[in-house]
Amino acid sequence: MSKKKKTRYQDYVIKDGRLVGRFEEMYRDHTDPWHQSSREIFSSEKAVGINLIQRLQRNMYIQKAVELGCGFGEYTARIARTGLQTHGLDISETAIAKARERHAGMLSTGRLNFSVARFDDFDFLASYKPDIIVMPEITWYVLDDLAGFIQFLKEKLPDTFLLHMLMTYELGVQAYGKNYFTNLEEILLFFNMKYLESGKVNLITGGSRTWFLGTNNEQYYQKWLKEAEQ
Ligand SMILES: C[S@@+](CC[C@H](N)C(=O)[O-])C[C@H]1O[C@@H](n2cnc3c(N)ncnc32)[C@H](O)[C@@H]1O
């Protein structure tokens with residue numbers, strides 16, 4: 001009898017240039033999608049992100065962070081270890097249950113929390129008032145809701161920094177989301193913030209891991225600029 005072939009984790013997410021978005025099913029069927037626990041934790045832009053968070057702690061006195069699309073919470077826990085009060089959100093119940101299990105020790109300190117929620121849970125975000133929102137590798141899955149999220153940040157959380165990270169693909173490889181952006185420069189144009197830093201890491205397998213740290217607060221921008229010029 002032939003055994004049914006397991007669907008690749010990628011096919012639950014985006015297939016044939018279209019968003020599938022079956023994240024909960026994917027987490028039930030696969031133990032480490034995106035190699036979150038084995039490879040992703042070593043991605044270079046994530047280390048840059050921690051460095052930027054620590055700089056913001058020292059220079060801008062940030063205290064509270066939210067990670068959107070936190071998956072198993074590996075990065076959320078790293079952010080919490082910098083000393084920030086940190087809350088991870090993910091749409092998948094299974095991912096959040098595993099995040100709670102894996103980081104039970106830190107949860108008990110009260111410095112780290114996880115919730116099942118959409119990235120654009122504006123009620124939660126407005127009441128939690130994070131000093132920084134961290135958005136690693138979720139943007140391709142929320143493209144149609146991105147403009148509303150950017151508007152919400154400008155209007156309701158103008159003092160909140162945004163640390164954004166996203167894989168981009170070489171020309172001719174990307175099939176989905178090309179009408180939004182295809183590289184770092186286009187991502188920066190789309191988010192239309194004041195940028196304190198941005199950059200990318202080019203991968204041996206092709207494509208780049210991009211990041212930016214943005215603000216909508218002119219005073220924060222000027223303060224960062226002044227310190228950088230000293
Ligand atoms: C590529 S994983 C990134 C995990 C983690 N941030 C990291 O960088 O290792 C993308 C995550 O986004 C979550 N996600 C997708 N759409 C979402 C939405 N609309 N709201 C909240 N989470 C979402 C998925 O469940 C998945 O855990």
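From a predicted model like this one, the values you see are computed outputs, not experimental measurements. Hydrogens, waters and symmetry mates are skipped; everything else that's a heavy atom, side chains included, is used. Ligands are counted one by one from 1 in listed order, and the atoms in each one are counted from 1 as well.
An N or O contact shorter than 3.5 Å is missing between Cys70 and ligand 1 by distance. At a 3.5 angstrom cut-off on N or O pairs, Gly69 counts as close to ligand 1. Checked against a 3.5 angstrom limit, the closest N/O atoms of Tyr141 and ligand 1 fall outside it. Polar contact with ligand 1: present for Phe119 (N/O pair, distance under 3.5 Å).
Neither the backbone nor the side chain of Met165 comes within 4.0 Å of ligand 1, counting heavy atoms alone. Only the backbone of Ala117 comes within 4.0 Å of ligand 1, judged by heavy-atom distances. At a 4.0 Å heavy-atom cut-off, ligand 1 touches Pro136 through backbone and side chain alike. With a heavy-atom cut-off of 4.0 Å, Val142 touches ligand 1 through its side chain alone. Of the heavy atoms in Tyr27, only side-chain atoms (C-beta onward) come closer than 4.0 Å to ligand 1.
Heavy-atom neighbours of Lys15 NZ from other residues, nucleotides or ligands within 6.0 Å: at or below the threshold of 12.
Here salt bridge (charged side-chain N to carboxylate O under 4.0 Å, His left out) pairs that include residues 60-83, with residues two or more places apart or in two chains, are Glu74-Arg102.
Among Ile91, Val13, Thr139, Val134, the residue whose heavy atom lies nearest to atom 14 (N) of ligand 1 is Ile91.
Within the structure, ligand 1 has Glu67 among the residues with a heavy atom less than 4.0 angstrom away. Under the 4.0 angstrom criterion for non-hydrogen atoms, Trp34 is in contact with ligand 1.
Judged purely by distance below 3.5 Å, without hydrogens or angles, the side chains of Ser37 and Asp32 pair a donor atom with an acceptor atom. In this structure, a donor-acceptor pair under 3.5 Å is present between the side chains of Ser92 and Glu24. If you check the side chains of Asp29 and Thr7, you find no donor sitting under 3.5 Å from an acceptor. Neither side chain, Asp121 nor Tyr128, offers a donor N or O lying under 3.5 Å from an acceptor on the other.
Looking at Trp224, its side chain does come within 3.5 Å of a backbone N or O of Leu196 through a donor-acceptor pair.
With ligand atoms numbered from 1 in the order given, ligand 1 contributes 9 (O) to contacts under 4.0 Å with heavy atoms of Glu40. Counting atoms of ligand 1 from 1 in the listed order, those under 4.0 Å from a heavy atom of Gly71 are 27 (O). Close contacts between ligand 1 and Arg118 involve ligand atoms 20 (N), 21 (C) [criterion: under 4.0 Å to a heavy atom]. Contact atoms of ligand 1 toward Lys46: 7 (C), 8 (O), 9 (O) (distance under 4.0 Å to a heavy atom of the residue).
Looking only at protein heavy atoms, the nearest one to atom 25 (O) of ligand 1 is Asp90 OD1, 2.7 Å. Nearest to atom 10 (C) of ligand 1 among the protein's heavy atoms is Glu137 O, 3.4 Å. When only non-hydrogen protein atoms are considered, atom 16 (N) of ligand 1 lies nearest to Phe23 CE1, 3.6 Å.
Between Asn59 and Glu227, the closest side-chain pair of non-hydrogen atoms falls below 4.5 Å. Annotation: side chain of Met135 is in contact with side chain of Leu162 (closest heavy-atom distance under 4.5 Å).
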After noting the C-alpha distance and the side-chain angles of Ser208 and Asn202, does the key distance pass the side chain to side chain donor-acceptor pair (under 3.5 Å) rule? CA-CA 4 Å; Ser208 307; Asn202 296 326; 2.8 Å; yes

Quick one, Thr86 with Asn113, criterion side chain to side chain donor-acceptor pair (under 3.5 Å). Give me CA distance, side-chain angles, the key distance, then yes/no. CA-CA 6 Å; Thr86 308; Asn113 276 292; over 6 Å; no

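You'll find the ring centres of Phe114 and His87 outside the 6.0 Å limit.
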